[in-house]
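Report on the structure given below.
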Amino acid sequence: MINISFPDNTVRQYETGITALEIAQSISEGLARNVLSAKVDSEVWDATRPINHDASLKLLTWNDPEGKATMWHSSAHLMAEAVEQLYPGAKFGIGPDIENGFYYDIDTGDKMLTESDLLEIEKRMAAIAKEKQTFKREDISKEDALNYFGEKGDEYKLELISELTDGEITLYKSGTFTDLCRGPHIPNTGFIKAIKLLSIAGAYWRGDENRKQLTRIYGITFPKKTELDEYLHMLEEAKKRDHRKLGKELELFTFSQRVGLGLPLWLPKGAQLRERLEQYLKKVQKEAGYLPVITPHIGNVNLYKTSGHFDKYGADSFRPISTPVEGEAFFLKPMNCPHHCEIYGHKPHSYKDLPIRYAEFGTVYRYEQSGELHGLTRVRGFTQDDAHIFCTPDQIKTEFKGVIKIIMQIFKALDFNQFITQVSLSDPKTPEKYIGSRENWDKAERAIIEVAQEENLEYVVEYGEAAFYGPKMDFMVKDALGRKWQLGTIQVDYNLPERFDLTYIGSDNEKHRPVMIHRAPFGSMERFVAVLVEHCAGDFPLWLAPDQAIILPISEKYQKYAEKVSQFLKNSDIRALIDERNEKTGKKIRDAELKKVPYMLIVGEREEQEGSVSVRKRGQGDLGAFSLEQLAKAIHDEEERLQGI
RNA sequence: GCCGAUGUAGCUCAGUGGUAGAGCGCUUCCUUGGUAAGGAAGAGGUCACGAGUUCAAUCCUCGUCAUUGGCUCCA
């Protein structure tokens, strides 16, 4: 007999070798029908795997993330089985579950799969699912595993097996498909009731662009058809928030082939929005003791040789510009930091001057691979809300915390409550990717982790995500379609001060090396605006809305009064326009709602007589009559409240 | 950069081997209307670009460019 403890801390005795599924059946048939897998101690197991020792047990269903993961992992096998049946000889790479569904990387040899093949694969999957195939787990020796996949001719599996050690290799067999797999899997394929293959794409084997490209098929499955429908509907809704779509509809930005790819053109409404964000941050930074600096868009190649950017990225940059007579080479600036280092170095500094915080909305240009360009989130020319803090080593943590405060203030003002804080450290396995001494790296990485802990931030650590000159703390948010983008970043850097030989005179009258903190709360204006658009679905907070109010005259007779109202608002620093079209009020309201203008001001005979406006707030409806003064005050109050300053 | 898909009016999209269509938007006219679509008429297109096949190509083929879903990359 073995003792099984449950999440509610009860302990029950069972026969040795009992399975989680059998335990579930002993509790209730209904529960058993929903069990996908089980957490045995800290590992997720097949619900059908015998338990031979005392253990804690949690039955996992569709309501548990691990349950979903099990189902999706099994769905990947199901898809592989379908593909193998339809395209004999297909070879398989890896097929994991992911955040929303699963994928499998497949080499179908000469037969290139395209989107049009997905439907047939889906159908075959549905047919197999109905067969309620079970997943049979089998321990296998490395030799046998190599033999099996060797005979099958699947070099990808052979490569994976070669990296495993004997004793940890298992196969899972379901229907006609056998896969190298750690498991776990759902009891049978019958749990998979709704299947959708979402997209197909090339993916390099093992993520290495020098190796073969396999075909990756993404899909998702559900235990109920209605859940799939809901998911697809959610995807459709998310697409409506896409900043590329809204950017076009709301006339925020555009691109032109003639200007060049990845070079955004900000339209008046977008430019106004961006300017307001810049003004907001400038105000916050002024209070926090930042000093403005301005630097040119190009810099001598030698500047970047000194900084190390040339060695690292010179080959992947726009080609240098050269002067006609002297033949000197200049790069479009890919970073502001070297320029700021030169500003710091223009005169000697005392420890009493530190910290010095140079801030600049600096436009930079980077050559990004054409396939990487994506709306405003990934472009070739963008403006960083950059600043570099030069400080003494013992000021690092205080300064770092000061930057976190600014970032949190911004996120709060814009209601970004779901962000990921990522501590990006160096990858000890690839030291060649970084410049500077290990000692300095250790110091910097330790400082960031300490700050994260002291500030009680919930953070994840990613190795290998550091910049080449230093570790960083990144703040990431997801876009409408769940893609993660880095916004704010704070980076500790001991290296550039050394390369630029920056110093300050300490209290001991000796020269010391300052530390540099690179930071950008928005990251880039382009990316930030993109994410902001998706976050609020184009419905900007009042203080950012390009048009805050639209005046809707009931008929042409009230045009003059509308202009008077407009002038009043303009004098009150409120952005308003008049819908002068010869349309009915209902139509004007509908259009204003669709254009996401926060306030609609309806003016007719009544309003003209009493010098008022009838206020309709977008999304809320009629608020009644306001005098012009009341309206201006209400708008200004709302602006201030939203900004939180 | 790599693999796949897409490219028709300002926008969203139909469509066909025989010189092109809708809705919205725009212009004009009628209407002067009170909280999410009043009516009519009209303008607007090198069907991304370049070659090829064909009596004839927006449609078929190839190439280029751009957009897009991923992969790789991201100072």
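The basis for the numbers below is simple: all heavy atoms, side chains too, and nothing from hydrogens, waters or symmetry mates. The chains referred to below are lettered A, B, ... by the order of the sequence lines, with proteins before strands, and numbering in each begins at 1. Not measured: the values here are computed from a predicted model.
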Quiz item: Do Arg616(A) and rA36(B) share a donor-acceptor pair, side chain to base, under 3.5 Å?
Solution: yes
Practice problem: In whole angstrom, give the distance that lies between atom OH of Tyr367(A) and atom C1' of rC73(B). | Solution: 11 Å
Quiz item: Does the side chain of Tyr204(A) get closer than 4.0 angstrom to OP1 or OP2 of rC2(B) through an N or O atom?
Solution: no
Exercise. Remember a base hit wins even if backbone is also touched, and classify Gly207(A) as base, sugar-phosphate or nothing at under 4.0 Å, heavy atoms.
Key: sugar-phosphate
Practice problem: Write down the distance separating the P atoms in rC24(B) and rU67(B), rounded off to the nearest Å. | Solution: 31 Å
Practice problem: Using a 4.0 Å heavy-atom cut-off, write out nucleotides 61-68 of chain B from 5' to 3' as B (base contacted by protein), S (sugar-phosphate only) or - (no contact). | Solution: ----SSSS
Quiz item: Distance check: side-chain N/O of Tyr218(A) vs OP1/OP2 of rC71(B), anything under 4.0 Å?
Solution: yes
Quiz item: If you look at every strand shown and take non-hydrogen atoms under 4.0 Å, does Ala203(A) touch a base, only sugar-phosphate, or nothing?
Solution: sugar-phosphate
Quiz item: Using atom C1' of each nucleotide, how far apart are rC60(B) and rG18(B) to the nearest Å?
Solution: 15 Å
Quiz item: Looking for any heavy atom pair under 4.0 Å, which part of the strands does Glu607(A) touch: base, sugar-phosphate only, or nothing?
Solution: base
Practice problem: Answer yes or no: side-chain N or O of Arg378(A) and base N or O of rC74(B) forming a donor-acceptor pair under 3.5 Å. | Solution: yes
Quick test: give all pairs of protein nitrogen or oxygen and nucleotides 25-31 of chain B nitrogen or oxygen below 3.5 Å, distance rounded to 0.1 Å.
from	atom 1	to	atom 2	distance (Å)
rG25(B)	OP1	Lys587(A)	NZ	2.7
rC30(B)	N4	Asn582(A)	ND2	3.4
rU31(B)	N3	Asn582(A)	OD1	3.4
rU31(B)	N3	Asn582(A)	ND2	3.1
rU31(B)	O4	Asn582(A)	ND2	2.1

Quiz item: Would you say the side chain of Thr215(A) and the base of rG4(B) hold a donor-acceptor pair, judged only by whether the two atoms sit under 3.5 Å apart?
Solution: no
Practice problem: For Lys248(A), report the nucleic acid contact type (base, sugar-phosphate, nothing); a contact means any heavy atom under 4.0 Å. | Solution: sugar-phosphate
